[in-house]
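Down below is the structure, laid out as structure tokens.
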Amino acid sequence: MGVHRVAEGTPRGPLTPEEDKAFGDATLIFVGAILSVIGDKLVDAYLHIRNGKELWDALDAKLGAADVGGELYAMERFNDYKMRHEFSVENIMGSLDVEEKARAKDKHTGGTEGRSAANMVRKNAHKSKGKNKWVSQTTNFKKKGKTKFLVVKSGVDDMNVGTIFESRDATFFEDIFPMRDMHGMSSWESDLIHETPMLSSESDDESSDSDEDDNEAPTRSKRQRIAKSFGNDFIVYLVDDTPTTISEALASPDADYWKEAVQSEMDSILANGTWELTERPYGCKTVGCKWVFKKKLRADGTIEKYKARLVAKGYTQKEGEDFFDTYSPLARLTTIRVLLSLAASHGLLVHQMDVKTAFLNGELDEKIYMEQPDGFLLQGQERKVCKLKKSLYGLKQAPKQWHEKFERTLTSVGFVVNEADKCVYYRHGGGEGVVLCLYVDDILIFGTSLKVIEEVKTFLSQCFEMKDLGEADVILNIKLLRDENNGITLVQSHYVEKVLRIFGYADCKSSLTPYDPSVLLRKNEKATRDQLRYSQIIGSLMYLACTTRPDISFTVCKLSRFVANPGDDHWHALERVMRYLKGTMSYGIHYTGYPRGLEGYSDSNWISDAKMKATSGYVFTLGGGAVSWKSCKQRVNYGSRTHNIRYSYYRSGMAS
């Protein structure tokens, strides 16, 4: 009956002494019953709440309690009830349990193992300076093993307040108290400090003594420290000053150049109508984006321009939802060499154009929403997202959409797609002809006259944002040199010089040949010698062997078989290749135009060793220079005897 009176509130009108005493007793019984049920650990935290009507109204509004004559409430539902400061009873019980255990640990260890969670709660109201996205308290101060966390503040979507999780990777900041800046926490912490007996029992002297102990300098080891060397890799990282974020770019010494590059990229995006701002649809998962910066270098190594690209984080796309097909053809290096050889043979003019923001021209078939880029958030519209109308760098389908757009544009004016290479387009008529070769966003234009080339340039400039580079000079980091007789030479002396300088062979002695045929390389059975650096050199030489240096193709192919476990013999052979390149940096492929016919040569070495496989190679020449070559290990292992047997059997079959 007393509980009924509390639930009805304070009676109106004057009360007799008996009624006033009865109501006070009922309120006391009601508050005491709640505190006794929720646990002893919450008594100190809620002892100051002496109004039973306030507690009952809150419980009735939250749980819909009607039958107050029965159980006061369901305990399992009360665990989720948030009474003060948006913290549930379960959360506060866990927090107080953390403090109690932390104080017990400090008392046991004498306070020598660092600050505890209790110290954090007590001091953060005075020394808090840090701000973290989420704050947690824990009783485990060791780095090894699992640690349990109670989340009391969160700025992460998938990390809710009041959840408890375990982690093996935890970092504890002993000098940062981020809980002070939490909205609504300061009063709760002050209540705990001044009202709970557990914390109020500590005197101010103890608090000041603890502050003095925290300010003492930690003991340091007297062992002699030895300077560490990070090797050449660390020096390379120091030299590379390319920024990784827009904030780094604007704070770098080249901030003016990077700012101009970023603004140019955004102007191209907005002028192209790449996206439109819209409200985020319900349940839609957006794709992130980031800025990528790059210094474009000339053939001699000097800076040509500063480039900035806004790249979508396409790795978050899901196949079947955000994209479907992603394939896109790419012009082969063999095709480019054949076209240059034909240009030397027939006296064709070779010009070059570059497509600015090529991938922005592709039209999307899927609905993709992207976050607004850093540095360009519109005020008052920060919550809106970008609905992509055209493709963007980084999207899975961006290369495919750009190639389809370029192909539709050219075929609409009479160009024909080459059957052997889908990135080659040609058109001829009236005694004039023109050929286009597309490599991502670089276009080589081969024409019989300057007039037909200018017509193609004008048409492309009307369809896309183009940059006219004039006569072709550098394509894919390959220099194109033309002589008086219309001959074309492909060289990469600047690339060879760069590789020798990076790997420390710039001052080495030269060698006459790239490989010693008397050396038999086998699988290394001993300890590995600098496998990472070995693989880096092989990767650099592979690009060189595939573009303009067929003379090192066999050697690089041979040495690449031992990348997993190189030994001393393999390193000696690799250093011989580097010394050979030192003396032949100016070597390249020269197309004179004669003979105009295609010639091919093929050979292989027959090895009798059962542990080794033979090597096959071929080379095709056109216009006096090599256009296609390859050196590779044979798939079938058989020696000269097996070959002779098969050859004899073939001859006997023909004779019969």
Side-chain angles (χ1 to χ4, degrees), residues 296 298-299 304-305 328-362 399 402-483 485-491 547-548 589 591 593 596 622-623 625 627:
K296 189 173 182 180
R298 298 186 180 90
E304 180 181 357
K305 64 180 297 187
S328 177
L330 190 68
R332 294 175 294 177
L333 292 174
T334 300
T335 301
I336 297 176
R337 288 191 292 261
V338 168
L339 291 176
L340 292 174
S341 176
L342 294 176
S345 300
H346 300 280
L348 302 179
L349 300 178
V350 184
H351 283 236
Q352 186 177 6
M353 296 190 76
D354 179 75
V355 186
K356 295 182 179 180
T357 60
F359 285 1
L360 303 183
N361 296 283
W402 155 241
H403 182 266
E404 290 181 351
K405 176 71 173 181
F406 188 80
E407 182 174 310
R408 288 196 302 267
T409 303
L410 290 186
T411 54
S412 63
V413 292
F415 278 88
V416 181
V417 182
N418 185 269
E419 294 296 333
D421 196 321
K422 299 298 182 180
C423 291
V424 176
Y425 310 88
Y426 63 91
R427 184 181 66 180
H428 59 85
E432 300 286 348
V434 62
V435 180
L436 271 70
C437 180
L438 175 68
Y439 192 95
V440 187
D441 57 353
D442 292 325
I443 303 176
L444 284 177
I445 306 176
F446 302 84
T448 55
S449 65
L450 185 60
K451 178 182 177 180
V452 68
I453 292 179
E454 292 296 335
E455 292 177 356
V456 174
K457 288 183 178 181
T458 303
F459 170 74
L460 293 177
S461 299
Q462 294 174 353
C463 299
F464 311 105
E465 187 177 358
M466 306 292 297
K467 181 179 180 181
D468 190 358
L469 302 178
E471 292 189 6
D473 181 27
V474 178
I475 178 68
L476 302 180
N477 207 22
I478 303 173
K479 284 185 179 180
L480 277 64
L481 305 178
R482 302 204 69 159
D483 54 27
N485 299 324
N486 291 330
I488 299 177
T489 305
L490 309 182
V491 293
T547 51
T548 60
I589 303 177
Y591 300 109
R596 294 185 177 182
L622 180 65
V627 294

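Throughout, residue positions are numbered sequentially from 1 according to the sequence presented. The figures here come from the full heavy-atom set of this structure, side chains too, leaving out hydrogens, waters and symmetry mates.
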**Asked** Roughly how far, to the nearest 0.5 Å, is CD1 of Ile453 from CE of Met353?
**Response** 11.0 Å
**Item:** NE2/His428: more than 12 non-hydrogen atoms of other groups inside 6.0 Å
**Value:** no
**Request:** Taking Gln352 for its side chain and Val474 for its backbone only, find out whether a donor-acceptor pair lies under 3.5 Å.
**Result:** yes
**Asked** Within a strict 4.5 Å, meaning less than it, do heavy atoms of the Leu622 and Leu342 side chains meet?
**Response** yes
**Prompt:** Which heavy-atom pair separates Leu444 from Ala472 by the least distance, and what is that distance?
**Reply:** CD2-CB, 4.0 Å
**Request:** May I have the step-by-step check of side-chain contact (heavy atoms from CB on, under 4.5 Å) for Thr547 and Asn477, ending in yes or no?
**Result:** CA-CA 10 Å; Thr547 51; Asn477 207 22; over 6 Å; no
**Asked** Which pair of non-hydrogen atoms, one from Gly447 and one from Val452, has the smallest distance, and what is that distance?
**Response** CA-CG1, 4.3 Å
**Asked** Going by heavy atoms in the side chains, are Lys457 and Met466 under 4.5 Å from each other?
**Response** no
**Prompt:** Of all heavy-atom pairs between Gly625 and Ile589, which one has the smallest distance, and what is that distance?
**Reply:** CA-CG2, 4.2 Å
**Asked** Out of Val417, Val416, Leu410, which one pairs with Tyr426 under the side chain to side chain contact (heavy atoms under 4.5 Å, CB included) rule?
**Response** Val416
**Message:** Any side-chain to backbone donor/acceptor pair from Thr458 onto Glu454? Under 3.5 Å, distance only.
**Reply:** yes
**Asked** Tell me, do Tyr591 and Val627 make a side-chain contact under 4.5 Å, heavy atoms counted?
**Response** yes
**Complete:** CG of Asp473 to CZ of Arg482, rounded to nearest 0.5 Å, is 12.0 Å
**Asked** In Å, rounded to the nearest 0.5 Å, how long is the span from CZ of Arg408 to SG of Cys463?
**Response** 12.0 Å
**Request:** Measure the shortest side-chain to side-chain distance between Val434 and Phe446 over non-hydrogen atoms and say whether it is less than 4.5 angstrom.
**Result:** no
**Item:** Min side-chain heavy-atom separation Phe406-Leu460 under 4.5 Å
**Value:** yes
**Prompt:** Do the side chain of Arg427 and the main chain of Val413 share a donor and acceptor less than 3.5 angstrom apart?
**Reply:** yes
**Complete:** Interatomic distance, NE2@His346 vs CG@Asn486, rounded to 0.5 Å, equals 12.0 Å
**Item:** Worked check of side-chain contact (heavy atoms from CB on, under 4.5 Å) between Val456 and Phe415
**Value:** CA-CA 11 Å; Val456 174; Phe415 278 88; 4.1 Å; yes
**Atom CD of Glu432: over 12 foreign heavy atoms under 6.0 Å** = yes
**Item:** Validation row: Leu480, Leu490 side chains within 4.5 angstrom (heavy atoms)
**Value:** yes
**Fill in**
Of all heavy-atom pairs linking Thr357 and Asn361, the shortest is O-ND2, 3.3 Å
**Request:** Measure the OG-NZ distance between Ser328 and Lys422 for me, rounded to the nearest 0.5 Å.
**Result:** 13.0 Å
**Fill in**
In this structure, NZ of Lys467 is separated from OG of Ser461 (nearest 0.5 Å) by 13.0 Å
**Request:** Just say parallel, tilted or perpendicular for the rings of Trp402 and Phe464, cut-offs at 30° and 60°.
**Result:** perpendicular
**Message:** Any non-hydrogen side-chain atom of Thr409 less than 4.5 Å from a side-chain atom of Phe459?
**Reply:** yes
**Message:** Tell me if a side-chain donor or acceptor on Asn485 pairs with a main-chain N or O of Gly487 at a distance below 3.5 Å.
**Reply:** no
**Request:** Can you see which heavy atom on Ala331 is nearest to which on Cys437, and at what distance?
**Result:** CB-SG, 3.9 Å
**Request:** Can you spot which of Leu339, Val435, Thr448, Ile445 makes a side chain to side chain contact (heavy atoms under 4.5 Å, CB included) with Leu348?
**Result:** Thr448
**Message:** Is it the case that the side chain of Arg332 and the backbone of Asp421 share a donor-acceptor pair, with hydrogens and angles ignored and the cut-off at 3.5 Å?
**Reply:** no
**Minimal non-hydrogen separation, Leu340 against Val350, with atom names** = CD2-CG1, 4.4 Å
